[in-house]
Amino acid sequence: MQDSRRGRPVPAEQRPRRRRLAAAALATAALVTLTACSQSASGTTTDGKAKDSSSSTAGSGTGKTESAGITLAPLTDGKDVIPGEPLTVEAEGGKLESVSVTAQSGEEFEGELSADGTSWSSSHATDYAATYTVAARYTDTDGTSKTSKQTITTLSKNQIFVGTYNVNKGSTVGIALPVSIVFNKPIHDKAAIEKKLDVTASPAVEGSWSWMKDRDGKDRVDYRPKEYWKPGTKVKFTMDLVGVKNGDLVGTQKREIDFTIGSAVVSTVDVVKKTMTVTKDGKVLRTLKVSTGKKTFETWNGTMVVLSKVPSIRMNSATVGIFGPEAYDMKSVKWDVQLTPSGTYAHAAPWNEGKFGVVNASHGCIGMSTADAKWFYDQVDFGDPVTVVNSKDTVAVNNGYGDWNVDWETWQKGSALA
């Protein structure tokens, strides 16, 4: 059913889920978190790769000599090997003959040599807080056969910080979608982090990052242009937190995400007229009759952004402590377009048939006939704006993507580099 004005119930199937990535792409958002690891190698090379001493044999003679021929990657700052990624072993100035990576359990990683024999990559990623032995035999440029052996131990999850972002590589999103990053640990130096974030667009836009607390109290930073993105804009988001210090924690993520802005699908809900007008690229598609929040349960005013779509969900008022005469538990609400994580949806509300365009009777959601709800569901997608006018209480900036309810000057002041 519809959500409560006093907190807006989150559907039972989705609690405590938070919107992180575009519609269907959001489910892959969690894929982005990486971590760092430390190692006990004897030193590092000048380019930050881990090195180790080696033994060599040439002709019939044998002997030991110091060598920096073997390096490991990926690293954070020349000593911390990042887990959650395949391990790469490289031979500087020579060719690898064999490589073995063995976990403390005795399990040996499979891997593959590069075509030129200069590097080897494991077939699967290293784990958190795990110890591995890396042994390699390689031929140096003078034909000498050498061996290298070293032990690495990856850091645990509580020694790193990561950010979960909301855009997916190659995706197409709506004109109102900001780039948003939520961090799993408190950020002590926001300026240092922000310097490692970048958004570029073609055509170019004026835009800014702005920091806030997410609804669960985590540090969050969003980037939005001054105005909505133009349809067809090509956007590149880059994040390079490898080696960035955050108190006693270290960053490990390096990402480059290209995405595209889709059509300008804009919906405007007038709670007085009890209508929702949907336009696409400036052309009115339809004006639908709706029923919004009744007194004390008024629908949020201001601009919200489509977070997700599901064809059917359960809505239970108990999730926000509504009992008694106002209680409801709808097992299958159809054609649901989520607008806030607090529970605001546009959806089918056949129980309010006869009230659409006549009276506002919901607990805060935007209800409409089943046929109209299905049509609306098919028109909108992740990142499309839905603006409510003539209602009360503007939606909070961190309740989904309420970024557009902050004036531009105020938004810019939220940057740590302002």
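Every value quoted in this text rests on a predicted model; they were computed, and no experiment measured them.
E85 places no side-chain N or O within 3.5 Å of a backbone atom of P83 that could act as its donor or acceptor partner. With hydrogens and angles ignored, the 3.5 Å screen pairs a side-chain donor or acceptor of Q253 with a backbone N or O of G163. A distance-only check finds no donor-acceptor pair linking the side chain of T102 to the backbone of G106 [under 3.5 Å]. T133 places no side-chain N or O within donor-acceptor distance of the main-chain N or O of T151, the cut-off being under 3.5 Å. No donor-acceptor pair under 3.5 Å is formed between the side chain of W120 and the backbone N or O of E90. One N or O on the side chain of D219 and one on the backbone of I187 form a donor-acceptor pair closer than 3.5 Å. For the pair E194 (side chain) and A416 (backbone), a donor-acceptor distance under 3.5 Å is present. Formation of a donor-acceptor pair under 3.5 Å by the T131 side chain with backbone atoms of Q104 is not found in this model. Of the possible donor and acceptor atoms, none in the side chain of R314 sits under 3.5 Å from a partner among the backbone N and O of N316. Proximity of a side-chain donor or acceptor of N166 to a complementary backbone N or O of P178 within less than 3.5 Å is detected.
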Any chance you could lay out the side-chain contact (heavy atoms from CB on, under 4.5 Å) test for V388 and W300, step after step, and finish with the verdict?
-> CA-CA 7 Å; V388 177; W300 293 116; over 6 Å; no
Take D403 and R220, measure what salt bridge (Lys or Arg N to Asp or Glu O under 4.0 Å) needs, and give me the verdict at the end.
-> CA-CA 12 Å; D403 306 36; R220 165 180 158 186; 3.8 Å; yes
Apply side-chain hydrogen bond (donor to acceptor under 3.5 Å, both in side chains) to N360 and T292, showing your working.
-> CA-CA 5 Å; N360 291 319; T292 64; 2.8 Å; yes
Taking it one step at a time, do V173 and F259 satisfy side-chain contact (heavy atoms from CB on, under 4.5 Å)?
-> CA-CA 8 Å; V173 302; F259 61 98; 3.8 Å; yes
Go through M368 and M276 one step at a time and tell me if the side-chain contact (heavy atoms from CB on, under 4.5 Å) criterion holds.
-> CA-CA 10 Å; M368 64 200 88; M276 177 165 63; 3.6 Å; yes
Please step through side-chain contact (heavy atoms from CB on, under 4.5 Å) for the pair L417 and K195, ending with a clear verdict.
-> CA-CA 8 Å; L417 303 178; K195 287 177 182 178; 3.9 Å; yes
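No hydrogens or angles considered: nothing links the side chains of S369 and E353 as a donor-acceptor pair under 3.5 Å. Residues K234 and T260 bring a donor and an acceptor atom of their side chains to less than 3.5 Å of each other. Checked by atom type, the side-chain pair D336/Y377 shows no donor-acceptor distance below 3.5 Å. Remark: the S308 side chain and the Q338 side chain contain an N/O donor-acceptor pair separated by less than 3.5 Å. Residues T394 and N405 bring no donor and acceptor atom of their side chains to less than 3.5 Å of each other. With hydrogens and angles left out, the side-chain atoms of S332 and K334 include a donor and acceptor closer than 3.5 Å.
Y132 is not listed as a side-chain neighbour of L87, based on a closest heavy-atom distance of 4.5 Å or more. Side-chain contact between I160 and L249 is absent, with no heavy atoms from C-beta onward closer than 4.5 Å. The shortest side-chain heavy-atom distance between I181 and L197 falls under the 4.5 Å cut-off. Side-chain contact check for V278 versus V265: some heavy-atom pair is nearer than 4.5 Å. Side-chain atoms of I82 and L75, non-hydrogen and from C-beta on, never get closer than 4.5 Å to each other. When side chains are defined from C-beta on, T252 does not count as touching L241, because their heavy atoms never get closer than 4.5 Å. When side chains are defined from C-beta on, K230 does not count as touching I261, because their heavy atoms never get closer than 4.5 Å. Within the 4.5 Å cutoff, the side chain of K149 has no heavy atoms near those of the V134 side chain.
Of the inter-residue distances, the one linking I152 atom CD1 with L72 atom CG reads 6.0 Å to the nearest 0.5 angstrom. In this structure, OG in S291 is found 7.0 Å from NZ in K355, a value given to the nearest 0.5 Å. For the atom pair CZ (F183) and CG (N246), the distance works out to 8.5 Å, reported to the nearest 0.5 Å. Summarising the geometry, atom CG belonging to D222 is positioned 7.0 Å from atom OH belonging to Y401; distances are rounded to the nearest 0.5 Å. From E256, atom CD reaches atom CZ of F237 across 10.5 Å, with rounding to the nearest 0.5 Å. Between S263 atom OG and I175 atom CD1 the span is 9.5 Å, to the nearest 0.5 Å.
The existence of a salt bridge linking K95 and D116 is excluded, since no basic side-chain nitrogen approaches an acidic carboxylate oxygen closer than 4.0 Å. Between D189 and K245 there is no salt bridge, since no side-chain nitrogen of the basic residue lies less than 4.0 Å from a carboxylate oxygen of the acidic one. Salt bridge R255/D240: absent, no basic N to carboxylate O contact under 4.0 Å.
Looking at every heavy atom in both residues, K289 comes nearest to G357 through CB-N, 3.9 Å. Minimum heavy-atom separation, R224 to K226: NH2-O, 2.8 Å. In plain terms, the two heavy atoms of P385 and T303 that are nearest each other are CB-CG2, 4.1 Å. A pairwise comparison of heavy atoms in W229 and G174 identifies CD1-O, 4.3 Å as the closest pair. Of all non-hydrogen atoms in V89 and A136, the two that sit nearest each other are CG1-CB, 4.5 Å. Counting all heavy atoms, side chain and backbone alike, G367 lies closest to A349 at CA-CB, 4.0 Å.
K213 NZ: more than 12 foreign heavy atoms inside a 6.0 Å radius. Residue-environment remark: CD (E108) exceeds the threshold of 12 foreign heavy atoms within 6.0 Å. Other residues, nucleotides and ligands place more than 12 heavy atoms under 6.0 Å from the NZ atom of K185.
A cation-pi geometry, defined here as NZ or CZ lying under 6.0 Å from the six-membered ring centre and within 45° of its normal, holds between K157 and Y128.
The residue from N390, T287, T275 that alone fulfils the side-chain hydrogen bond (donor to acceptor under 3.5 Å, both in side chains) condition with D270 is N390. For the side-chain hydrogen bond (donor to acceptor under 3.5 Å, both in side chains) criterion with R286, the lone passing option out of T277, D372, T279 is D372.
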What side-chain donor-acceptor pairs closer than 3.5 Å can you find for residues 203-210, not counting sequence neighbours?
| unit_1 | atom_1 | unit_2 | atom_2 | d |
| --- | --- | --- | --- | --- |
| E206 | OE2 | W408 | NE1 | 3.3 |
| S210 | OG | W411 | O | 3.0 |

